[in-house]
Visitor: 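Can you read through this structure? Questions will come right after.
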Amino acid sequence: MARIVEAIGRCRAKTLSCVDAAELLGMSERHFRRLRDAYEEKGAEGLIDRRRGRASGRRAPVDEIEWVIEQFRTRYFDFTAKHFHEAIDGREMPDGAKFARSYTWTKSVLQLRGLTTKAKKRGAHRRRRERRPLPGMLVFQDASTHAWLEGRGPLDLVVTMDDATSRILSIFLVEEEGTASSLRGIRETIEAP
C-alpha cells in the first residue's frame with residue numbers, strides 16, 4: 001500500500017504521470033486512477049480491498065462437494081476424472097438442483113481429496129522439436145492429397161523442404177505418392193543449384 005500512496009503523491013506533484021505510475025505498480029492506468037480517486041475520497045481506507053476475508057460468491061456449497069466425493073467413492077470409483085465428470089454432469093443432486101460445475105472444478109475437487117492424481121508431465125515426444133541450426137542438416141518430405149486442380153480428381157502434392165530455413169527444395173503434383181515420387185523429390189533437391 002505504501003508504494004501506491006507514494007505513486008499517488010508523485011502523481012499529485014506532477015513528477016510522474018498516471019500511465020508511468022500504473023506501469024511502475026504493474027497495473028492498468030484505469031485501475032491506478034480508480035485507486036487514486038478512492039484514496040482522495042476516503043484516504044488509506046479507500047485502498048483496502050473490501051472483498052478481503054470474504055468467501056467467493058461462486059464458492060460451491062459443502063453439500064455439493066460432499067455429493068461429488070460420495071458419488072466418486074461409491075459409484076464411480078474406477079472412472080477417470082474426465083469420465084466421472086461426464087457421468088455426473090446434469091445429474092440431479094439431493095437438493096434437486098442439477099450438477100453443472102466444470103470439468104476443471106470436478107477434477108480439482110477429486111485431486112485435493114487425493115481421489116485422483118495429477119497427470120504426469122508430458123514427455124519429450126510431445127514437445128516441439130528445435131530446428132536444425134544449418135541448412136541441409138535435415139531435409140524432410142511430405143505429401144498431401146487434395147483436389148488441387150479444378151476439373152481433376154484428387155492429386156498428391158509432394159513437397160521436399162529444408163528444416164532450418166523452411167525453403168522448399170522440390171514441389172510437384174502426382175497421381176499417387178510412392179517410391180518413385182520420393183526419389184524424384186530427392187533427385188530434384190540434389191540437382192537444385
Visitor: Taking side chain as C-beta onward, heavy atoms only, is Val68 less than 4.5 Å from Arg101?
Guide: no

Visitor: Would you please classify the geometry between the Phe99 ring and the His85 ring as parallel, tilted or perpendicular, with 30° and 60° separating the classes?
Guide: perpendicular

Visitor: Hydrophobic cluster membership, with links at side-chain heavy-atom distances under 4.5 Å among I/L/V/M/F/W/Y: are Trp148 and Met161 in one?
Guide: yes

Visitor: If you round to the nearest 0.5 Å, how far is NE2 of His31 from CG of Leu25?
Guide: 9.0 Å

Visitor: Is it possible for you to say whether Ile4 and Leu16 belong to one hydrophobic cluster, with membership spreading through side-chain heavy-atom contacts below 4.5 Å?
Guide: no

Visitor: Does the side chain to side chain contact (heavy atoms under 4.5 Å, CB included) test come out yes or no for Met27 and Leu35, once each step is laid out?
Guide: CA-CA 11 Å; Met27 60 180 67; Leu35 290 175; 3.8 Å; yes

Visitor: Would you give the length of the straight line joining atom CZ of Phe172 to atom CG of Leu155, rounded to the nearest 0.5 angstrom?
Guide: 12.0 Å

Visitor: What heavy-atom pair brings Ser170 and Glu188 nearest, and what distance separates the two atoms?
Guide: OG-OE1, 2.6 Å

Visitor: Decide, yes or no, whether a salt bridge links Glu29 with Arg36 under the criterion of side-chain N to carboxylate O below 4.0 Å.
Guide: no

Visitor: Would you indicate whether Glu40, at its atom CD, is surrounded by more than 12 heavy atoms from other residues, nucleotides or ligands within a distance under 6.0 Å?
Guide: yes

Visitor: Taking the side chain as every heavy atom from C-beta outward, state whether Leu115 and Arg73 have any atom pair closer than 4.5 Å.
Guide: yes

Visitor: Do Phe79 and Leu110 have side-chain heavy atoms sitting under 4.5 Å apart?
Guide: no

Visitor: Between OG1 of Thr106 and CD1 of Ile88, what distance do you get to the nearest 0.5 Å?
Guide: 5.0 Å

Visitor: Go through it in stages, so that I can follow the logic: the residues are Gln111 and Thr116, the test is side chain to side chain donor-acceptor pair (under 3.5 Å), and I'd like the CA-CA distance, side-chain angles, deciding distance and then a yes or no.
Guide: CA-CA 5 Å; Gln111 286 175 349; Thr116 59; 4.7 Å; no

Visitor: Is a donor on one side and an acceptor on the other found under 3.5 Å between the side chain of Asp156 and the backbone of Val158?
Guide: no

Visitor: Could you tell me the separation between the CG atom of Leu169 and the CD1 atom of Ile186, rounded to the nearest 0.5 Å?
Guide: 11.5 Å

Visitor: Measure up the Phe72 and Phe84 rings against each other and bin them: parallel (under 30°), tilted (30 to 60°), perpendicular (over 60°).
Guide: perpendicular

Visitor: Using every non-hydrogen atom in the two residues, find where Asp89 and Ala100 come nearest and quote the distance to one decimal.
Guide: OD1-CA, 4.2 Å

Visitor: State, with a plain yes or no, whether a side-chain heavy atom of Leu24 is found less than 4.5 Å away from one of Asp20.
Guide: no

Visitor: Given the rule in the side chain to side chain contact (heavy atoms under 4.5 Å, CB included) test, do Met137 and Arg131 qualify, once you have shown the distances and angles that lead to the verdict?
Guide: CA-CA 10 Å; Met137 288 181 77; Arg131 287 182 172 227; over 6 Å; no

Visitor: Measure across Phe32 and Ala21 and return the closest heavy-atom pair with its distance rounded to 0.1 Å.
Guide: CZ-CB, 3.6 Å

Visitor: Determine whether more than 12 heavy atoms belonging to other residues, nucleotides or ligands lie under 6.0 Å from atom CZ of Arg167.
Guide: no

Visitor: If you round to the nearest 0.5 Å, how far is CG of Asp162 from CD1 of Ile168?
Guide: 11.5 Å

Visitor: Which pair of non-hydrogen atoms, one from Ala60 and one from Glu64, has the smallest distance, and what is that distance?
Guide: CB-OE1, 4.2 Å

Visitor: Are Phe140 and Val159 side-chain neighbours, meaning at least one heavy-atom pair lies under 4.5 Å?
Guide: no

Visitor: Between atom OH of Tyr39 and atom CZ of Arg12, what is the distance when rounded to the nearest 0.5 Å?
Guide: 6.0 Å

Visitor: Report the C-alpha distance between Arg184 and Glu177 in whole Å, list the side-chain angles of each, state the deciding distance to 0.1 Å, and finish with yes or no for salt bridge (charged side-chain N to carboxylate O under 4.0 Å, His left out).
Guide: CA-CA 11 Å; Arg184 177 181 167 189; Glu177 174 193 19; over 6 Å; no

Visitor: Work out which heavy atom in Pro133 is nearest to a heavy atom in Ala164; give both atom names and the distance.
Guide: C-CB, 4.4 Å

Visitor: Evaluate the side-chain proximity of Glu175 to Arg152: yes if any heavy-atom separation is below 4.5 Å, no if none is.
Guide: yes

Visitor: Which heavy atom of Thr160 sits nearest to which heavy atom of Gly185, and what is that distance?
Guide: OG1-CA, 3.9 Å

Visitor: Any side-chain heavy atom of Arg113 sitting closer than 4.5 Å to one from Ile65?
Guide: yes

Visitor: List for me each residue that meets salt bridge (Lys or Arg N to Asp or Glu O under 4.0 Å) alongside Arg129, sequence neighbours excluded, and say none if there are none.
Guide: Asp163

